[in-house]
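If you read the sequence from its start, that first residue is 1, and numbering goes on from there. The basis for the numbers below is simple: all heavy atoms, side chains too, and nothing from hydrogens, waters or symmetry mates. Please read all numbers here as calculations on a predicted model, not as lab measurements.
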Amino acid sequence: MTTATQSELSALLARARRLDGELVDGAHPLADSVIRPLTAALGEFDGGATESDGSIEIPELRLWELAKDATRLRATCDLPELQEAVAALQHLACVFAADEATVTARVAELTEIQGVSATRIEVATDGPYLVTNPERLTNWLGEPIRTFPQMALCRCGASEMKPLCDGSHAGAGFTGEKDPDRVPDRLDTYEGMSVTVTDNRGLCAHSGFCTDRAPTAFRSAAEPFVAPSGARADELMAAVRACPSGALGSPQVAFPDRAAAIEVSNDGPYRVTGNIALDGAVPREHYSLCRCGHSRNKPFCSGMHYYVDFQDPPLSQDPSLYEWAGGLPAITRMTKIFYGKYVPQDELLAPLFARMSPDHPERVAAWLVETFGGPKLYTEQYGGYDHMVAEHANKSLTEQWRARWAQLISRSADDAGLPADPEFRAAFAAYIEWGSRIAVENSQPGATPPPHMPVPRWWWVCNATPGSRVSALAPVAEHTVELPAEGEPVGFADHIKPLFREMDRKSMSFVFDLWSHDDVTQHAEAILARLRQGSMPCDGAWPAERVDAFARWIADGCPA
């Protein structure tokens with residue numbers, strides 16, 4: 001580190017220290033994510049100096065100036081600690097921006113200052129993944145996450161602002177060392193009749209994409225793991241392409257030219273695609289990076305997130321069909337299986353789709369995403385309802401075509417690993433039946449579908465949502481509550497609301513909210529009658545003492 005760099009770092013650190021206590025009353029948002037790494041970068045050269053920001057008095061504007069100056073230094077200096085601090089400053093400068101237009105302008109200015117280069121990832125020692133110029137960052141539903149020219153992604157699993165790092169790794173004692181007892185790297189080769197498959201068990205992230213889709217070729221309970229003649233050539237090649245860790249390979253498999261992208265998978269690793277360089281090594285087309293902090297093969301995922309029960313916060317309390325299905329990636333996987341596997345070999349459908357456009361699976365996926373409650377992809381990218389109606393106009397589709405389409409799209413949902421619970425499949429099947437029959441109707445000569453309608457939005461059937469019932473295969477869970485003592489006043493928050501489980505609430509959500517004092521008060525007598533006759537909850541009557549507590553609450557005037 002040059003003397004000039006030390007001086008610039010020291011000045012940035014002094015300004016960050018002065019600013020830290022002024023941004024938010026009683027909080028120190030720069031302490032762990034900016035001040036700590038800058039202090040570590042300076043080490044013994046940190047003199048604890050203070051420096052002002054001239055005449056700028058508004059803390060938010062001083063933060064913005066600090067972010068720009070730190071980014072200027074970052075453009076000429078690759079110190080990991082500086083990259084971590086710059087990532088936090090760029091993010092915070094946008095958090096404190098006045099509006100979305102200001103955020104967009106700031107990201108553009110920071111990008112210009114830092115300079116445009118190929119996306120790359122560096123692994124900070126016992127710290128985050130430092131991502132420079134990310135092209136695309138998405139969540140597991142395929143939805144974009146805002147990117148900045150410099151980002152620090154959590155890899156210890158403890159950040160409160162996942163996927164971004166908040167400095168928690170320093171206090172958690174996180175180590176980035178590999179486990180000496182990990183499964184060793186070893187490339188095994190399996191020659192089949194038409195496809196040769198290579199496998200590196202040491203790199204496997206145990207996502208299960210191969211064992212779920214071709215279980216006779218990829219055997220979780222047998223050795224050797226790969227049986228290269230246990231599936232068709234196209235199934236083996238599809239499994240190799242789908243392997244997110246890169247553990248599977250084949251000399252016969254070519255990967256598409258994918259743009260650089262990072263997916264934050266659900267409760268699992270970062271899935272990196274598009275030849276993003278990692279720590280300066282030769283870029284791999286795809287790989288999976290640990291996000292839970294417990295991998296035995298850091299920085300790569302080894303599947304430990306399953307064993308440590310690593311979980312992301314749920315995206316929604318009441319998930320849409322789109323969320324429950326797994327978003328755009330899952331639905332696109334299904335449509336590609338349908339049009340790539342089933343349609344070409346079907347005597348009815350193959351002629352019908354023989355001249356479809358190469359992006360037809362993506363178009364159908366966009367329609368289903370929007371229909372199932374997701375982003376308006378079909379409307380924004382392909383023309384919405386009017387375009388879909390025009391695609392079917394005068395095609396004279398038959399019931400035989402429709403029935404086969406519905407049958408095979410359901411089979412494709414199985415192959416793609418879409419949820420198999422009765423609630424989702426009932427809603428899925430209901431839409432497939434409804435939508436395909438509408439398509440047949442609209443395709444007949446002389447049909448006049450109503451124009452300029454919105455894309456339909458489909459929902460759960462009869463409010464049968466996930467969690468609204470107890471599965472017969474689920475382990476019996478004990479629901480313990482603390483009942484009021486004799487003579488103790490009965491309150492809704494302390495005694496009544498805890499009596500109702502989340503599944504009880506969901507099962508009655510089409511009528512009222514069992515966790516709402518006002519709703520339960522309004523329907524108290526009807527609820528009591530059902531509790532006494534044993535028809536509520538639906539999986540078994542309450543013990544008499546719980547019913548008595550509810551009755552006492554009503555007698556006391558339904559207090560909050």
Side-chain angles (χ1 to χ4, degrees), residues 119-124 128-131 134-142 145 151-157 159 162-165 174 176-179 182-187 197-213 218 220 225-226 238-250 253 255-256 258-279 281-312 326-327 329-330 333 417:
T119 304
R120 68 178 188 270
I121 301 174
E122 296 176 46
V123 184
Y129 300 111
L130 303 169
V131 186
E135 290 185 30
R136 180 170 171 79
L137 178 68
T138 64
N139 64 18
W140 60 282
L141 296 174
I145 298 171
M151 300 189 74
L153 300 183
C154 173
R155 76 174 178 123
C156 73
S159 174
K162 299 180 185 72
L164 303 183
C165 169
F174 170 74
E177 295 294 322
K178 294 181 184 290
D179 189 324
R182 69 186 183 280
V183 176
D185 282 319
R186 189 186 73 192
L187 192 65
V197 177
T198 59
D199 176 44
N200 182 350
R201 291 290 82 202
L203 197 58
C204 181
H206 301 280
S207 296
F209 288 9
C210 56
T211 53
D212 288 347
R213 294 165 204 172
F218 302 97
S220 58
F225 171 65
V226 179
V240 169
R241 289 192 187 95
C243 174
S245 68
L248 295 178
S250 172
V253 172
F255 287 91
R258 294 190 278 191
I262 302 172
E263 176 196 336
V264 184
S265 70
N266 187 34
D267 302 335
Y270 299 106
R271 291 176 179 155
V272 183
T273 54
N275 291 294
I276 298 178
L278 179 68
D279 269 350
V282 175
R284 307 180 186 205
E285 203 287 327
H286 58 282
Y287 49 91
S288 296
L289 295 175
C290 173
R291 195 161 67 90
C292 71
H294 294 273
S295 172
R296 306 183 76 177
N297 189 34
K298 299 184 186 80
F300 301 108
C301 171
S302 70
M304 283 298 293
H305 51 279
Y306 297 114
Y307 300 97
V308 300
D309 197 26
F310 177 72
Q311 293 186 351
D312 289 309
R333 189 165 65 242

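In this view, Arg241 satisfies the salt bridge (charged side-chain N to carboxylate O under 4.0 Å, His left out) rule with no residue, not counting sequence neighbours. Listed by chain and number, the residues in a salt bridge (charged side-chain N to carboxylate O under 4.0 Å, His left out) with Arg291 are Asp312 (sequence neighbours excluded). Residues meeting the salt bridge (charged side-chain N to carboxylate O under 4.0 Å, His left out) test with Asp279, sequence neighbours left out: none. Every residue meeting the ring pair (Phe, Tyr, Trp, His ring centres under 6.0 Å) condition with Tyr129, not counting sequence neighbours, appears here in chain and number order: Tyr270. Qualifying ring pair (Phe, Tyr, Trp, His ring centres under 6.0 Å) partners for Phe255, counting only residues two or more places apart in sequence or in other chains: His286. Remark: Asp179 pairs with Arg296 by the salt bridge (charged side-chain N to carboxylate O under 4.0 Å, His left out) rule, at least two apart or across chains.
No donor-acceptor distance shorter than 3.5 angstrom exists from the side chain of Ser302 to the backbone of Ser295, with no hydrogens or angles considered. With Asn297 contributing its side chain and Gly202 its backbone, the two residues share a donor-acceptor pair below 3.5 Å. Between the side chain of Thr198 and the main chain of Gly249, a donor-acceptor pair closer than 3.5 Å is present. In terms of modelled atom types and a separation under 3.5 Å, the side chain of Lys298 and the main chain of Lys178 share no donor-acceptor contact.
Residue Asn275 comes nearest to Pro283 through the heavy atom pair O-CB, 3.4 Å, listed as atom of the first residue, atom of the second, then distance. Closest of all the heavy-atom pairs between Ala124 and Leu130 is CB-CD1, 4.0 Å. Asn200 approaches Pro184 most closely through the heavy-atom pair OD1-O, 4.2 Å. Between Cys243 and Ala247, the shortest heavy-atom contact is SG-N, 3.5 Å. Closest heavy-atom contact between Arg213 and Ala242: NH1-CB, 3.8 Å. Closest of all the heavy-atom pairs between Leu137 and Met151 is CD2-CE, 3.9 Å.
How far SG of Cys290 is from CZ of Phe310: 8.0 Å, rounded to the nearest 0.5 Å.
Atom OH of Tyr306 is surrounded by more than 12 heavy atoms from other residues, nucleotides or ligands within 6.0 Å.
Side-chain contact between Arg271 and Ser207 is present, with heavy atoms from C-beta onward closer than 4.5 Å. Proximity of Asp267 to His305: side-chain heavy atoms (C-beta onward) are nowhere separated by under 4.5 Å.
Taking the centre and axis of the six-membered ring of Phe300, the NZ or CZ atom of Arg182 falls outside the cone set by 45° and 6.0 Å.
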Worksheet item: For Val272 and Leu289, what are the C-alpha separation, side-chain angles and deciding distance, and is it a side chain to side chain contact (heavy atoms under 4.5 Å, CB included)?
Response: CA-CA 8 Å; Val272 183; Leu289 295 175; 4.1 Å; yes
